[in-house]
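Take a look at the structure set out below.
Just so we're on the same page: letters track the sequence lines, and every chain starts at 1.
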Protein chains: 2
Amino acid sequence: MAETARRTESRYGNRPTMKDVAARAGVGLKTVSRVVNGEPGVTPDTERRVQEAIEALGFRRNDSARVLRKGRTASIGLVLEDLADPFYGPLSRAVEEVARAHGALLINGSSAEDPEREQELVLALCARRVDGLVVIPAGDDHRYLEPEMKAGVATVFVDRPAGQIDADVVLSDSFGGARDGVAHLIAHGHRRIGFIGDMPRIHTAAERLRGYRTAMEDAGIPVEDAWMSLGVTDPQRVRRAAETMLSGPSPVTAVFAGNNRVTVTVVRVISERARPVALVGFDDIELADLLRPGVTVVAQDAAQLGRTAADRLFRQLDGSLLAPERIELPTRLITRGSGELPPSA
Amino acid sequence: MAETARRTESRYGNRPTMKDVAARAGVGLKTVSRVVNGEPGVTPDTERRVQEAIEALGFRRNDSARVLRKGRTASIGLVLEDLADPFYGPLSRAVEEVARAHGALLINGSSAEDPEREQELVLALCARRVDGLVVIPAGDDHRYLEPEMKAGVATVFVDRPAGQIDADVVLSDSFGGARDGVAHLIAHGHRRIGFIGDMPRIHTAAERLRGYRTAMEDAGIPVEDAWMSLGVTDPQRVRRAAETMLSGPSPVTAVFAGNNRVTVTVVRVISERARPVALVGFDDIELADLLRPGVTVVAQDAAQLGRTAADRLFRQLDGSLLAPERIELPTRLITRGSGELPPSA
DNA sequence: TAGAGCCTGGACAACGTTGTCAGATGCGAG
DNA sequence: CTCGCATCTGACAACGTTGTCCAGGCTCTA
């Protein structure tokens with residue numbers, strides 16, 4: 001009775017606690033705790049009374065208090081660049097699945113490729129005492145994480161390595177993938193090949209550029225500056241860059257696109273041109289097989305990246321002190337037509 | 001000195017607290033709290049000493065304890081079906097942006113369209129005392145949320161309404177969109193039109209089916225059972241369903257696809273056929289404009305759904321007691337070619 | 001029937017933070 | 001020189017949970 005009144009009269013936001021449950025069930029506080037956590041040492045009769053009280057009051061354990069007491073939050077943080085990017089959806093989902101298998105929840109944040117925002121997010125997650133962090137770095141200096149890692153926050157970087165600190169990282173073989181993709185174009189007779197990619201301060205972008213250069217060099221083809229466009233990602237500028245290389249005095253006959261967004265725009269530009277242009281893109285894109293010609297890509301497995309990173313994270317959490325490791329996953333060239341076009345003109 | 005030793009010798013996971021900072025700076029506990037929270041009433045000199053101690057120890061405030069004291073967690077939960085689905089990426093991102101603007105973090109979970117898993121996730125989020133919930137329901141009975149909502153957890157449903165309870169919901173106009181899409185096909189001369197969609201227990205699927213039926217009825221066209229395929233989503237079965245309706249004794253000349261995944265598979269099937277088949281899909285898909293013919297779709301704005309829901313959530317949190325509302329966002333027919341093909345045969 | 005041992009239940013402290021309140025300090029005015 | 005006031009600081013309780021430990025009641029055996 002009294003308890004019911006208390007609930008009813010209580011201000012918005014007041015919730016019953018174990019104490020309330022205990023009072024209503026006529027037992028001690030700790031007994032309620034035992035029932036809630038399925039600990040042994042409670043007679044069936046007592047347990048029933050407690051369960052009824054829980055039901056009646058709509059009690060739900062306050063995990064904040066629990067965390068405070070126990071030290072572990074059973075949650076991990078994932079900081080990525082943009083959840084809306086189709087590359088990160090599967091990655092995030094894969095991390096979530098692994099977390100779920102370990103009974104942990106996932107807190108998600110997008111850095112929008114802004115180093116400051118990355119740091120802000122990471123530190124906010126640390127303040128909540130996430131057990132671990134999976135980070136797709138935006139910045140190139142992660143020394144701010146050192147105290148956190150020392151304090152026991154498991155940390156794994158994905159897609160790009162950490163800057164200035166020694167930490168686990170899971171990568172795709174950007175260099176090898178790009179090199180093979182460009183070599184593929186060369187094997188089909190191209191010599192004037194363009195490269196459009198992101199800012200070289202982004203590790204993957206730099207590696208892919210290096211792969212491009214290496215493939216060209218291996219084939220003994222000198223690269224002209226006009227064939228390369230770096231730091232360009234927004235559709236409008238990619239479009240301009242592509243059109244420029246396709247028009248100049250020595251126009252390219254093939255393009256290597258440095259990521260999925262660039263690929264999409266280049267496909268658009270090429271489809272508007274009369275003369276066919278060969279194309280290989282880094283990252284697979286949906287429906288690539290249905291375009292005419294199909295888009296040849298260097299595919300990386302985003303889900304596998306996420307899974308691998310999360311596995312590694314929980315291995316850290318399971319206590320083994322592991323030396324930081326660099327895990328590189330292979331890429332896969334998927335030929336669909338656009339990369340096999342011969343040079344024209 | 002003593003503190004340093006304590007830190008160094010401390011077991012894995014030990015972190016400095018405000019008490020440690022206070023001891024090192026030679027001030028009281030509360031003074032540290034004041035500095036950390038930027039409260040007034042601390043002399044610049046004291047503040048500097050405290051800041052130095054914080055720096056030296058690598059102190060970071062424990063938000064779990066803070067939450068326990070203050071009651072608000074500054075985090076909201078988002079339960080959706082599958083983060084890897086391109087429809088949910090932008091939605092999730094939009095919710096995150098709004099949360100960020102309110103200083104809150106986002107905890108994400110995928111229900112995988114399993115009602116039990118949805119409930120499990122939601123209750124886990126409530127146990128963490130998230131301030132609010134954005135839920136894309138998998139189940140059709142949400143009475144389990146009643147005690148939580150009563151206790152002050154702001155709740156908004158998205159994409160599908162809640163079951164058995166009265167709550168805010170933000171929807172796309174599935175019915176109207178589907179009806180218009182089908183009417184568009186009818187206007188282009190089709191009479192035998194197929195429908196492939198998800199299980200009718202999913203609200204959006206049911207609404208889209210209703211839209212299809214209504215459009216057909218409005219045009220005075222009797223619908224044959226063989227034209228409809230319900231509860232089919234995995235690519236293989238969609239493929240079989242599509243092939244069946246395109247082959248039978250009275251084959252359809254056009255297909256309305258109930259969601260993005262179905263649309264993609266149907267595009268595949270159609271592209272393999274000699275005879276052209278008209279197609280309108282619900283949900284936009286990337287590169288739809290580059291296919292030949294381009295794919296005509298009924299587009300909904302996932303980001304806008306997320307933004308609207310999150311806005312509503314924070315309005316609830318800002319204290320105003322609002323009567324539950326149903327907000328319906330319009331859809332947009334985007335014609336690209338596939339929906340304007342005339343009937344053939 | 002008394003003592004040993006087991007089982008159940010509860011009192012209490014602790015986790016790290018913030019709100020309350022009162023004490024200390026310094027300064028100016030009478 | 002002393003009082004009063006404003007400013008700064010710190011002791012203490014509280015948030016809701018879990019771990020420790022002890023008390024009381026029971027059963028079983030000698």
What verdict does the side chain to side chain contact (heavy atoms under 4.5 Å, CB included) test give for A:E81 and A:S110, after you've listed the backbone C-alpha separation in whole Å, the side-chain angles of each residue and the deciding distance to 0.1 Å? CA-CA 5 Å; A:E81 193 231 313; A:S110 300; over 6 Å; no
When A:K30 and B:L68 are each assigned the nearest nucleotide of DNA chain D, the 5'-most assignment goes to B:L68
Fill in: Residues B:R160, B:E113: salt bridge by 4.0 Å N-O rule
yes
A:R60 CZ to D:dT17 P, in whole Å, measures 12 Å
| Which part of the nucleic acid does B:N37 contact within heavy-atom distance under 4.0 Å: base, sugar-phosphate only, or nothing? | sugar-phosphate
Here the distance between atom C1' of D:dG16 and atom CG of A:D20, to the nearest Å, is 10 Å
Whole-Å distance, A:R129 CZ to D:dT17 C1', equals 18 Å
From CD of A:E47 across to C1' of C:dC7 the rounded distance in Å is 16 Å
Is the shortest side-chain N/O distance from A:T43 to OP1 or OP2 of C:dG9 below 4.0 Å?
yes
- Message: Quick check on A:Q164: does its CD atom have over 12 non-hydrogen neighbours (other residues, nucleotides or ligands) under 6.0 Å away?
- Response: yes
Comparing nearest nucleotides in DNA chain D, the 5'-proximal residue of the pair B:A65, B:P40 is B:P40
Of the listed C:dT18, D:dG16, D:dG10, the closest approach to the B:R61 side chain comes from C:dT18
**Prompt:** Hey, does the side chain of B:T46 come within less than 4.0 Å of D:dT9's phosphate (OP1/OP2), counting only N and O?
**Reply:** yes
Which of B:I107, B:I76, B:V135, B:V153 passes side chain to side chain contact (heavy atoms under 4.5 Å, CB included) with B:L125? It is B:I107
- How are the rings of A:F314 and A:H102 set to each other: parallel, tilted or perpendicular (split at 30° and 60°)? parallel
When rounded to whole Å, the CE to C1' distance for the pair A:M18 and C:dC15 reads 15 Å
What contact category does B:K70 fall into here, base, sugar-phosphate, or nothing, at under 4.0 angstrom with non-hydrogen atoms?
sugar-phosphate
Please work out if A:G41 contacts a base, only the sugar-phosphate, or nothing of the nucleic acid, heavy-atom cut-off 4.0 Å. sugar-phosphate
Indicate, yes or no, whether a donor-acceptor pair under 3.5 Å links the base of C:dG16 to the side chain of B:K19. no
_For a quick check of understanding: with a heavy-atom distance under 4.0 Å over all strands, which category does A:V27 fall into, base, sugar-phosphate or nothing?_
sugar-phosphate
A:D45 atom CG is separated from D:dG25 atom C1', nearest whole Å, by 16 Å
Classify the nucleic acid contact of B:V36 as base, sugar-phosphate or nothing, counting any heavy atom under 4.0 Å across all strands shown.
nothing
- Query: Side chain of A:R34, base of C:dG9: donor and acceptor closer than 3.5 Å?
  - Reply: yes
- Across the strands shown, which category fits B:V42 at heavy-atom distances under 4.0 angstrom: base, sugar-phosphate, nothing? sugar-phosphate
A:E39 atom CD is separated from C:dG10 atom P, nearest whole Å, by 14 Å
With a 4.0 Å cut-off on N to O distance, would you call A:D140 and A:R201 a salt bridge? no
C:dT17 base to B:R66 side chain: any donor-acceptor pair below 3.5 Å?
no
message: Any base atoms under 4.0 Å from A:S64, or only sugar-phosphate, or nothing? Heavy atoms, all strands.
response: nothing
